[in-house]
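Quick notes on the structure that follows.
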Amino acid sequence: MAEAADFQGMRSSPARRWLRRTASLITGVPLLTGLLWVPAAPGAQAAEPTGSRTVDVSLDTVTPEAPGKDDTITVSGTVVNEGRRTITGAHVDLRVGPKVAGRTGIDRAAERTGYTFGVDGPTVDDKYSVDLPKLASGISYDFKLSVPADELDLDDNGGVYELGVSLTGQTSSQSFERVLGIERTFLPWQPEGVEKKTRLTYLWPLISSTHLTSETGSDEQQTPVFEDEALAAELAPGGRLDQLVSLGKELPVTWVIDPDLLATVDAMTRNYRVKSGDSTVAGRNQAVAKRWLSSVEAAVQGKKVVALPFADPDLASLAHRGKSVSGSLSHLQPATQVAEITVETILHVKPSVDFAWPVDGAIDSSIVDVATSAGAHKVIARSDSLQDNLSYTPTAARPIGGGTTAVVADTRLSTAFQGDMTDAGESTLAVQKFLAQSLALTLQDPEKQRSIVVAPQRVPTVAQAQSMARALRALEPKRWTQPLDLVAAASAEPDAEANTKVPSASQYPARLRRQELPVQAFEDIRETQSTLDKFKVILTFADRVEAPFGRAIDRELSTAWRGKPEAAQGYRDEVQSYLRSLTEEVQLIEKSDVTLSGRSATIPVTVQNQLVQGVDDLVLRLKSNNPNRLHFDGDRGMAEQPIKVEGGHSQSVKFPAAANANGQVQMTAQLFTKDGTPYGPEMSFTVRVSEITPTVMLVLAGGVLLLVLAGIRMYTQRKRAAAAQTADASVPEASDTSDTSDTSETEGAGSGSDPGQPSDLAPDTGPESGNPSGAGEKVDR
């Protein structure tokens, strides 16, 4: 190779190495000269990659990721000529730089781009290089380099080294070889196990977004209704949640589970419905759900399981905005209780419910207060929130007052896999950097054993989970780390030098604050809870409503809504709208105007229940707005009666009333719960009072007397007519006909039947229309 200065055979003689280093200086002279004398490129060509950025070098694999002394290191990848000129005499070389100084040194090395002479280290012996054919512009070429670890002259005491892959060649514009492209990664090297290994806790989250609605079927099983079938894709083989379980079951991790996910998948194992426009269709993924739940149950056996409060509530949103709305914090304790029951029932393991996990581990004093109100005594924070000013990384656990322990996850390790891990090069670099950081952390103070926690992103993608798993598998030889579960990590002896001062609310990251649920969200939740509280007290089977809507309210508080304000508002609106529609199934049937004849009568009011279950503990109040004209039970202007109606039935309630004077009276009917809370809207109707006066009574009495006298006279005449008929056969029959006609009309008038009360239903009837009663409804005495 022309660039002899970059070749370093670890087994070569000192003289040969001296010659190569000397050659590197000689080779560097024309390079520097060329850089000094080459004129500036025209503006139109300024964007063309030049120098060591002419070729893009990507590393797809480094195996093994953490090699031992007997391993052969293999690096594969791709080079692409991004310049405009063909590259000749190209070869790909492996470079091993000096040890990296500490964790900060790793960060700085990762930020460097381009080749830096004297910093990137010499190349390994040229026998491990790969020669390439001509590379025209835009042409790519795959490569693979393999070098035994013992050829690299690495320190037996271990350390983190820069590992680079460079392409050297020449173009028509430069007649000498130079580095045209380079990519760097890290080589964690610890041939022998350290005495005091870092105890590493890795959280493995099983968390998803909200998929269940508050709606359920009217059948006995209360068939659940899903928003869509998106969850089935995550559970299916190769899906995100399927991969998390498949990977996690083989790793030494602590499972962190949202019980809402388990409850949702469990609902999928039976009959369920899925929204489709304005209706629903039958769900068809029961088998997928059953298989996934079974695999989760098998994976967590013998492992530590941490259950978050049901639906993973957004603690920061509650602390910063929810506390100003009364009742917001009251949801946390029940969510924790439900979480424990849910996990134990479905997975048959007893979880720990003593941990709270704010978003990104960002905490302040108000967030800690909210977390502890849920029953948690351990808060998972992150080191960029609870910062230390130490030369080493302290143990994760530290007391922060009030019997609460902050379990501080390491920021560098926790954020290592948040990028786009679908790109093989990005994934490889992330894995190598993670391993390098973990080794550098251990070597900070080899005499001090520490417990370190890694809390990755809440919802890792498939590619991110696979990269995380690669890194953890590389640590399996346990040369510098050993696994520890989260419960044990939280109980570890804290470092006396570690910071225990919780940041103030003003230090909370603005980026995260912008994603929080607004105050309006908590006001909506309070309204829904109030509606639910009023509704459930009248039901004979309140659990059928309290359970699905209680869990729906928990979901409205979920961390999953961060950054999705419109979707969050839509979900809250749907829950409230559906709940309100159920409450309106218990209502008063509208009445038209009523006519009241006489001094006393009964006024019926009908309550309709179109729910599938009965209602009880309701009171119906009927109020007269003019008690002087129409009143109840003496001089009172209001009457009330208890209400109990079976599901799908109506109940007519009769109120005895008394009238004092003629005229119209406005009546108001209203349902109340037993504690006096109004239920549903008022119903108003008018009663027309037509009282019969004494003068009218005298006229009627006189009329009756005349009718009696007329009857007597008619009877006498008939007797006389009968006697005369025998004596005088010529008497005409017309008078009898007339008399008979009169008699018939009189009897018809005196034998009228009671028409009844049209609106007076049987005490408990079947379903009927809620439309107003017919016009001119009359209530007789």
Side-chain heavy-atom pair Gln613, Arg544 within 4.5 angstrom cut-off
yes

Ala455 backbone acceptor or donor facing Ser414 side chain under 3.5 Å:
yes

Over 12 foreign heavy atoms within 6.0 Å of NZ, Lys303
yes

Measuring only between side-chain heavy atoms, which start at C-beta, is Val256 closer than 4.5 Å to Leu206?
no

Would you check if the side chain of Arg398 reaches a backbone N or O of Lys501 as a donor-acceptor pair within less than 3.5 Å?
no

Taking the side chain as every heavy atom from C-beta outward, state whether Ile257 and Leu347 have any pair of such atoms under 4.5 Å apart.
yes

Expected output: side-chain Thr528 to main-chain Asp524 donor-acceptor under 3.5 Å:
yes

Restricting to non-hydrogen atoms, name the atom on Pro548 and the atom on Gln222 that form the minimum distance, rounded to 0.1 Å.
CG-NE2, 4.2 Å

Would you say CZ of Arg513 has more than 12 non-hydrogen atoms from neighbouring residues, nucleotides or ligands within 6.0 angstrom?
yes

Main-chain N/O of Phe522 paired with Arg321 side-chain donor or acceptor, under 3.5 Å
no

I'd like to check Leu212 versus Glu227 (side-chain heavy atoms, cut-off strictly below 4.5 Å). Are they in contact?
no

Using atom types as modelled and distance alone, determine if a side-chain donor or acceptor of Gln529 lies under 3.5 Å from a backbone N or O of Gly550.
no

Taking side-chain contact (heavy atoms from CB on, under 4.5 Å) as the test, write out the residues that go with Lys536, two or more places apart.
Asp533, Ala542, Glu546

Straight-line distance of Ser373 OG to Leu315 CG, nearest 0.5 Å:
8.0 Å

Can any side-chain N or O of Gln507 pair as donor or acceptor with the backbone N or O of Ser504 at less than 3.5 Å?
yes

Which residue pairs satisfy the salt bridge (Lys or Arg N to Asp or Glu O under 4.0 Å) criterion with at least one member in residues 207-225, sequence neighbours excluded?
none

Mind checking the CD-NE2 spacing from Gln610 to His649? Nearest 0.5 Å is all I need.
12.5 Å

Less than 4.0 angstrom from a charged side-chain N to a carboxylate O is my criterion; do Arg382 and Asp384 meet it?
yes

Which atom names give the shortest non-hydrogen contact between Ser366 and His320, and what distance separates them?
OG-CD2, 3.5 Å

Heavy atoms, side chains only, cut-off 4.5 Å: are Leu244 and Trp204 in contact?
yes

Exercise: identify the closest heavy-atom pair between Ala669 and Leu588
O-CD1, 3.6 Å

Report yes if some heavy atom in the side chain of Thr531 is under 4.5 Å from a heavy atom in the side chain of Thr583; otherwise report no.
yes

Would you check if Pro351 and Trp255 make a side-chain contact, meaning some heavy-atom pair closer than 4.5 Å?
no

Could you measure the distance from the CD1 atom of Ile589 to the OG atom of Ser652? Nearest 0.5 Å is fine.
8.5 Å

Side chain proximity check, Arg572 to Ile525, heavy atoms < 4.5 angstrom
yes

Residues that Asp617 engages under side-chain contact (heavy atoms from CB on, under 4.5 Å), provided they are two or more places apart:
Lys674

Centroid-centroid distance, Phe549 to Tyr578, less than 6.0 Å
yes

For Val245 and Ala299, which heavy atoms make the closest approach, and how far apart are they?
CG1-CB, 4.1 Å

Between Asp258 and Leu262, is there a donor-acceptor pair closer than 3.5 Å when you use the side chain of the first and the backbone of the second?
no

Looking at OH of Tyr679 and CZ of Phe535, how far apart are the two atoms once the value is rounded to the nearest 0.5 Å?
4.5 Å

Is it true that Glu250 and Arg473 make a salt bridge, defined as a side-chain N closer than 4.0 Å to a carboxylate O?
no

CG (Leu241) and CD (Glu234) are apart, to the nearest 0.5 Å, by 4.5 Å

Side chain Asp360, main chain Ala362, donor-acceptor under 3.5 Å
no

Charged N to carboxylate O below 4.0 Å: is that the case for Lys275 and Asp228?
no

When you measure from the side chain of Thr345 to the backbone of Ile341, do you find a donor-acceptor pair of N or O atoms at a distance under 3.5 Å?
yes

Is NZ or CZ of Arg551 both nearer than 6.0 Å to the six-membered ring centre of Phe310 and within 45° of the ring axis?
yes

With no hydrogens and no angle check, is any side-chain donor or acceptor of Ser467 less than 3.5 Å from a backbone partner on Ala463?
yes

Please name the pair of heavy atoms, one in Gln464 and one in Val459, separated by the smallest distance, quoted to 0.1 Å.
OE1-O, 4.4 Å

Quick one: pull up OG in Ser208 and CG in Leu261 and give me the separation to the nearest 0.5 Å.
6.0 Å

What are the two closest non-hydrogen atoms of Val502 and Asp364, and how far apart are they?
CG1-C, 3.4 Å

Under 3.5 Å, is there a donor on one side chain and an acceptor on the other for Asn285 and Glu229?
yes

Under-4.0 Å salt bridge between Arg458 and Asp312
yes

Determine, for Phe672 and Arg621, whether the Lys NZ or Arg CZ falls below 6.0 Å from the six-membered ring centre while staying within 45 degrees of the axis.
yes

